[in-house]
Amino acid sequence: LQVSYYLSRLGIDHAVISADPAPGGMFRQFPFFQRLLSWTKPHAAFAHDSREYERYDFNSLVAFEPQNRAVMPGLMDGSSEFPSRAEMEAGIVEFVRRTGLAVRYGTRWEGTSRDGEWFVLHTPDGDYRTRTPIFAVGAAEPSTPEDIPGIEHAAHYVDTREAASYAGKRLFIMGKANSAFELASGLLQWASPIILASPRPAQLSVNIHSLGGVRARYVQPWEDAELGGGVFILDASTERLERHAGGIAVHTRRSDNGEPFVAEVDEVIAATGFTAPLRDLAELGVATFGRSALPTMTNHYESSTVPGVWFAGTITQGVSGLKKFGIPANSGAVQGFRYNARLTVDENAARHFGVRRPRPEVDPDSVVERLLTSASTTPELWHQKSYLAHAISRDPDGTLRDEGVVSLAGYVDESGPDGVAITVETDDRGSIHPAVYVRRRGRVDADAALDEGPLTEYRTAEHRKALRALLG
């Protein structure tokens with residue numbers, strides 16, 4: 001939907017097909033316990049129709065028109081800054097209504113073939129032909145480790161039953177990421193004991209300074225385990241499951257000493273993730289990687305092995321960016337991929353339709369203030385730290401141009417006009433500060449971190465002085 005919005009505003013005709021019966025995607029069913037991890041703050045310091053407010057609204061799709069921005073806060077009942085599943089679904093429906101997006105629902109993509117330079121998408125309603133298909137199919141195919149004997153005795157996360165049905169049950173959850181802790185949190189008052197197990201230690205988002213860890217909303221089981229309340233968090237691999245008259249024996253091997261451990265339980269849930277449902281794209285040469293079978297992509301989300309095949313949405317988490325300090329981007333969530341979509345569309349529009357992003361001229365005396373304002377307020381830089389950046393370039397005749405928001409990895413790794421890019425980054429100490437990259441003679445030859453600001457405000461005399469020194 002975000003890609004369709006950008007295409008429509010550029011006047012590029014396109015078709016959107018979806019197997020779903022209506023807008024809403026995964027939020028028509030998940031999260032299982034009905035409350036999202038990502039927040040929307042109705043009473044933030046900026047007006048809902050401003051760009052700055054997007055920093056505090058993780059859940060609305062974004063728009064150029066003020067009246068189409070910040071759909072979510074008006075639909076929330078005020079009981080929590082975390083929308084309910086139903087509110088999120090309603091927000092997507094409302095965005096489609098307001099922006100007039102045309103989607104052919106109930107149309108399932110079943111396969112793909114090539115006809116010269118054309119890609120042909122096959123559906124029960126007929127074929128769609130295009131030179132530039134964009135697949136926003138998510139990573140929503142349930143994945144279970146089929147090499148574990150007895151895995152058929154485990155239910156996948158998507159098959160979790162009503163919470164009350166686990167009352168008094170001994171529960172083993174395979175996995176220690178957010179899905180596992182969501183289930184443990186939601187079933188805390190019902191099941192006992194609850195065992196969460198995976199080979200590597202779990203990491204909390206508040207400790208690793210990113211959303212890549214277990215979110216704070218799901219920390220209650222962790223506290224329970226620390227206090228000996230009936231939750232157990234094990235670093236152990238699951239080797240096999242055996243059903244017997246008294247329940248299920250889960251055979252594991254501990255990571256710390258290699259010793260076997262058997263847990264006797266009544267229920268096993270595999271919170272073992274999802275894969276990208278790419279159907280037959282591999283037969284066309286689309287390469288994938290990792291447990292989630294994400295496609296390998298360029299910095300603009302084009303397949304790195306099949307030019308012309310593009311991706312959008314959650315699947316763009318396959319482009320890791322610089323990953324400074326080991327911190328991942330937020331491309332797997334709405335607040336991240338809604339901005340990635342702009343890069344996909346702009347590159348497509350320029351390459352195939354002759355529609356290029358405006359590059360307004362910049363007064364040299366305004367460069368420092370423009371960059372520091374961007375670091376202080378631009379939502380793309382805050383939601384996609386060390387991943388997206390605001391760039392200003394210099395034309396051969398010396399004219400300065402505002403390039404807008406760009407891929408930071410692309411800016412650093414690829415050649416281009418001289419200029420400067422600024423982003424916001426979090427380091428391994430949790431310090432949040434601007435980072436500046438200077439490109440000379442076509443390549444980035446200098447980068448530096450500016451000081452942090454106590455209230456993340458960087459339009460100060462000290463920051464101006466430091467940035468001017470970097471720019472020379």
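What you see is a predicted model; the values in this text were computed from it and never measured.
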Discussion item. In terms of relative ring orientation, are W39 and F82 parallel, tilted or perpendicular, with 30° and 60° separating the classes?
Written reply: perpendicular

Worksheet item: Is it true that K385 and E425 make a salt bridge, defined as a side-chain N closer than 4.0 Å to a carboxylate O?
Response: no

Practice prompt. May I ask you to say whether R443 pairs ionically with D445, meaning some side-chain N is under 4.0 Å from a carboxylate O?
Written response: no

Worksheet item: In Å and rounded to the nearest 0.5 Å, what is the NZ to CZ distance from K465 to R468?
Response: 10.5 Å

Worksheet item: Side-chain contact, heavy-atom cut-off 4.5 Å: E347 with W310?
Response: yes

Worksheet item: Would E182 and Y157 satisfy side-chain hydrogen bond (donor to acceptor under 3.5 Å, both in side chains), going step by step from the backbone distance to the final call?
Response: CA-CA 10 Å; E182 178 204 352; Y157 166 88; 2.7 Å; yes

Worksheet item: Just by distance, do the side chain of S292 and the backbone of F274 share a donor-acceptor pair under 3.5 Å?
Response: yes

Worksheet, complete the sentence: Taking every heavy atom of L284 against every heavy atom of R114, the minimum-distance pair comes out as CD2-CG, 3.9 Å

Worksheet item: If you measure from CD on E462 to CG on L467, what distance do you get to the nearest 0.5 Å?
Response: 13.5 Å

Discussion item. Which label fits F95 and Y5: parallel for a plane angle under 30°, tilted from 30 to 60°, or perpendicular past 60°?
Written reply: tilted

Worksheet item: Do S185 and P221 touch side chain to side chain, with heavy atoms closer than 4.5 Å?
Response: yes

Worksheet item: More than 12 heavy atoms of other residues, nucleotides or ligands under 6.0 Å from CG of D13: is that the case?
Response: no

Item to complete: Evaluate the criterion side-chain hydrogen bond (donor to acceptor under 3.5 Å, both in side chains) for residue pair T298 and H300; output intermediate values, then yes/no.
Response: CA-CA 5 Å; T298 69; H300 293 284; over 6 Å; no

Worksheet item: Does a side-chain heavy-atom distance below 4.5 Å link L294 with Q317?
Response: yes

Worksheet item: Do any N or O atoms from the side chain of R439 and from the backbone of Y411 form a donor-acceptor pair under 3.5 angstrom?
Response: yes

Discussion item. For a quick test of reading the model, state the closest non-hydrogen atom pair linking T378 to R51 and the distance between them.
Written reply: CG2-NH2, 4.0 Å

Worksheet, complete the sentence: Heavy atoms of I12 and A349 approach each other most closely as CD1-CB, 3.7 Å

Item to complete: Output yes when R459 and E369 qualify as a salt bridge under the 4.0 Å nitrogen-oxygen rule, no when they do not.
Response: no

Practice prompt. Taking the side chain as every heavy atom from C-beta outward, state whether T132 and H352 have any pair of such atoms under 4.5 Å apart.
Written response: yes

Worksheet item: Would F135 and W109 count as a close aromatic pair, with their ring centres under 6.0 Å?
Response: yes

Discussion item. Could you check whether any side-chain heavy atom of I327 comes within less than 4.5 Å of a side-chain heavy atom of I208, counting everything from C-beta outward?
Written reply: no

Worksheet item: Are T112 and H122 close enough, and set up right, to give a side-chain hydrogen bond (donor to acceptor under 3.5 Å, both in side chains), and what steps lead you there?
Response: CA-CA 6 Å; T112 317; H122 306 292; over 6 Å; no

Worksheet, complete the sentence: Correct closest heavy-atom pair for T296 and S304 would be OG1-OG, 2.6 Å

Discussion item. Could you measure the distance from the CZ atom of F181 to the CD atom of Q220? Nearest 0.5 Å is fine.
Written reply: 11.5 Å

Discussion item. With rounding to the nearest 0.5 angstrom, report the CZ to CZ distance, R279 to R108.
Written reply: 5.5 Å

Worksheet item: Between the main-chain N or O of P199 and the side-chain N or O of S237, is there a donor-acceptor pair closer than 3.5 Å?
Response: no

Worksheet item: Would you find more than 12 non-hydrogen atoms of other residues, nucleotides or ligands less than 6.0 Å from E110 atom CD?
Response: yes

Discussion item. Looking at N59 and S38, would you say the former's side chain and the latter's main chain have a donor-acceptor pair under 3.5 Å?
Written reply: yes

Worksheet item: Are the side chain of K176 and the backbone N or O of R200 linked by a donor-acceptor pair below 3.5 Å?
Response: yes

Worksheet item: H383 side chain to R338 main-chain N or O, any donor-acceptor pair under 3.5 Å?
Response: no

Worksheet item: Considering only heavy atoms from C-beta outward, does the side chain of R401 approach that of R394 to under 4.5 Å?
Response: no

Worksheet item: Within the side chain of N330, is there an N or O that forms a donor-acceptor pair under 3.5 Å with the backbone of L211?
Response: no

Worksheet item: Is any side-chain heavy atom of H209 closer than 4.5 Å to a side-chain heavy atom of D428?
Response: no

Discussion item. Go through it in stages, so that I can follow the logic: the residues are S331 and Q384, the test is side-chain hydrogen bond (donor to acceptor under 3.5 Å, both in side chains), and I'd like the CA-CA distance, side-chain angles, deciding distance and then a yes or no.
Written reply: CA-CA 8 Å; S331 300; Q384 292 285 57; 3.0 Å; yes

Worksheet entry | N/O donor-acceptor pair under 3.5 Å between T316 side chain and G313 backbone | yes

Fill in: Heavy-atom closest contact (S18 atom, V103 atom, distance)
CB-CG1, 4.2 Å

Fill in: Under-4.0 Å salt bridge between R69 and E65
no

Worksheet item: Would you say M72 and D57 make side-chain contact, with heavy atoms under 4.5 Å?
Response: yes

Worksheet entry | Under 3.5 Å: donor-acceptor pair, side chain of H14, backbone of L7 | no

Practice prompt. Without swapping roles, check the side chain of R357 against the backbone of D346 for a donor-acceptor pair under 3.5 Å.
Written response: no

Worksheet, complete the sentence: Rounded to the nearest 0.5 angstrom, the CE-CE distance for M88 and M76 is 10.5 Å

Fill in: V406 versus A391, closest heavy-atom pair with distance
CG2-CB, 3.9 Å

Discussion item. Just verifying a value: how many Å separate L204 CG and S210 OG, rounded to the nearest 0.5 Å?
Written reply: 11.0 Å

